[in-house]
Number of protein chains: 2
Amino acid sequence: MSFRHPDRDQIRIDGVLSALGSPIRLDVIRILNSGGDHNCTMVLTELGLSSKSTMTHHWRVLRESGVIWQRQSGRETVLTLRRDDLDARYPGLIDSILAGTDQDASAEAARPSQPAG
Amino acid sequence: MSFRHPDRDQIRIDGVLSALGSPIRLDVIRILNSGGDHNCTMVLTELGLSSKSTMTHHWRVLRESGVIWQRQSGRETVLTLRRDDLDARYPGLIDSILAGTDQDASAEAARPSQPAG
DNA sequence: TCGAATGTACGACTACTCTCGTACAATCGA
DNA sequence: TCGATTGTACGAGAGTAGTCGTACATTCGA
């Protein structure tokens, strides 16, 4: 299994934003950003999802846009946020996006009487 | 003509990122960020595009995600970047995205043209 | 009042995205 | 070696996004 990753200078901002313009993939990078090694099943479990094949799709989107590294290790696939590359290319971007997810959670909690919040 | 805009606290990061995860809409906010009033035709012309109905679609995406204001003024529609709202909710986000588009342009120029690698 | 300018609404079409089930390949432990 | 674990590949189906042409509503200026 060999994964295609873009080089740092092949990463494009529209690809990154498009990849992160999805609640499920935002959750993924929040989890990866928390540190430590993660394999696919760990993230899947933490998100409370069940379909491996669906996640394979999301790994590809994140990987091909340059957001994550995906590395085979034995029978597991280790997932890592490409913080160094992303920070080098787009300083402050990932930080403000991660802060934004917290901001949203607060706004959601503060907004009274929204159903299914 | 009355446009539906989200309140500041209804804006969500995934919607913003998804809206800006498109080269054409990134170009739009670059243009709007440069200051001054813009109507639809001005932006259309500056982008070198021709289809008004296609742009109506993009205005809607940008407006409903909270990225731009769209205000009727006579027979024109004035477009404005919602910098104050976006900066208040996601400090540094728009700045780093706009900087990112410049970064990409540089990387593009530095990368010796196509298949040579 | 009439025609030009401005931009939305709508329908159609194509292409892509997301999701899932099934099948399969590789690896690890007993 | 055998079975369980891990995760990709593939195909299908539903839904969404992007594009365009045409039609239409509103406004401005002559």
Side-chain angles (χ1 to χ4, degrees), chain A residues 1-5 12 14-29 31-32 36-81, chain B residues 1-5 12 14-29 31-32 36-81:
Chain A
M1 189 65 52
S2 92
F3 295 113
R4 198 185 67 79
H5 294 85
R12 290 295 174 270
D14 61 293
V16 172
L17 298 180
S18 174
L20 297 183
S22 137
I24 194 166
R25 292 195 293 260
L26 275 177
D27 280 344
V28 168
I29 68 152
I31 290 172
L32 296 186
D37 272 358
H38 292 83
N39 65 24
C40 298
T41 302
M42 288 165 70
V43 178
L44 199 79
T45 305
E46 204 160 334
L47 291 176
L49 302 175
S50 55
S51 170
K52 291 184 298 178
S53 51
T54 296
M55 289 315 290
T56 294
H57 161 71
H58 290 300
W59 307 140
R60 184 168 52 245
V61 173
L62 289 167
R63 171 169 36 86
E64 295 189 345
S65 63
V67 174
I68 65 170
W69 291 115
Q70 217 176 341
R71 178 173 49 80
Q72 203 67 24
S73 168
R75 65 183 147 178
E76 301 183 1
T77 302
V78 178
L79 304 164
T80 320
L81 188 58
Chain B
M1 188 68 50
S2 95
F3 295 113
R4 196 184 69 79
H5 294 84
R12 290 294 174 271
D14 62 293
V16 172
L17 298 181
S18 174
L20 297 183
S22 139
I24 194 167
R25 291 195 293 260
L26 276 176
D27 279 343
V28 168
I29 69 153
I31 291 172
L32 296 186
D37 272 357
H38 292 84
N39 65 24
C40 298
T41 301
M42 288 164 71
V43 178
L44 199 80
T45 304
E46 204 161 332
L47 291 177
L49 301 176
S50 56
S51 170
K52 290 184 298 177
S53 50
T54 296
M55 290 315 290
T56 294
H57 162 72
H58 291 298
W59 307 140
R60 183 168 52 246
V61 173
L62 289 168
R63 171 168 38 86
E64 295 189 345
S65 63
V67 174
I68 64 169
W69 290 115
Q70 218 177 340
R71 177 174 48 80
Q72 203 66 24
S73 168
R75 67 184 146 178
E76 300 183 1
T77 302
V78 178
L79 304 164
T80 319
L81 188 58

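On a predicted model such as this, the values are computed, not experimentally measured, just so you know. By convention in this document, chain letters (A, B, ...) are assigned in the order of the sequence lines, proteins followed by strands, and residues within each chain are numbered from 1. Any value given below was found using the heavy atoms of this structure, including those in side chains, with hydrogens, waters and symmetry copies removed.
Heavy-atom nearest nucleotides on DNA chain D were determined for B:Ser51 and for A:Arg63, and the one closer to the 5' end corresponds to A:Arg63.
Using a 4.0 Å cut-off, no side-chain N or O of B:His57 falls inside it from OP1 or OP2 of D:dC20. For C:dT8, one of the phosphate oxygens OP1 or OP2 lies less than 4.0 angstrom from a side-chain nitrogen or oxygen of B:Gln70.
Here the side chain of A:Arg75 is nearest to one of C:dA4, D:dG18, D:dT6, namely D:dT6. Checking C:dT19, C:dG7, D:dG7 against every side-chain atom of A:Thr77, the shortest atom distance belongs to D:dG7. Considering only the side chain of A:Arg25, C:dC18 comes nearest among D:dC20, D:dT19, C:dC18.
A:Trp59 places its CH2 atom 17 Å from the C1' atom of D:dA9, with the value rounded to the nearest Å. The separation between A:Arg4 atom CZ and D:dT8 atom C1' is 16 Å, rounded to whole Å. Spacing between atom CG of A:Leu44 and atom P of D:dG7 amounts to 9 Å, rounded to whole angstrom units. Atom NZ in A:Lys52 sits about 12 Å away from atom C1' in C:dA25, given to the nearest Å. Rounding to whole angstrom units, CG of residue B:Leu17 and C1' of D:dA17 are separated by 17 Å. Rounded to whole Å, atom P of C:dT8 lies 13 Å from atom NE2 of B:His58. Summarising the geometry, the separation between CD1 on B:Ile24 and C1' on D:dC20 is reported as 13 Å, rounded to the nearest angstrom. The CZ-P distance, from B:Arg71 to C:dT8, rounds to 14 Å in whole Å.
From B:Ser65, atom OG reaches atom NE2 of B:His5 across 10.0 Å, with rounding to the nearest 0.5 Å. Remark: B:Arg25 CZ to A:Leu17 CG distance equals 11.0 Å, nearest 0.5 Å. In this structure, CD in A:Glu46 is found 4.0 Å from CD1 in A:Ile31, a value given to the nearest 0.5 Å. Rounding to the nearest 0.5 Å places CZ of B:Arg75 at 10.5 Å from CG of B:Asn39.
Scanning both residues, A:Leu26 and A:Leu20, for their nearest heavy atoms gives CG-O, 3.2 Å.
If you check distances only, the side chain of B:Ser53 does reach the base of D:dG21 with a donor-acceptor pair under 3.5 Å.
Residue contacts for A:Thr56: at a heavy-atom cut-off of 4.0 Å it reaches a base atom on one of the strands shown.
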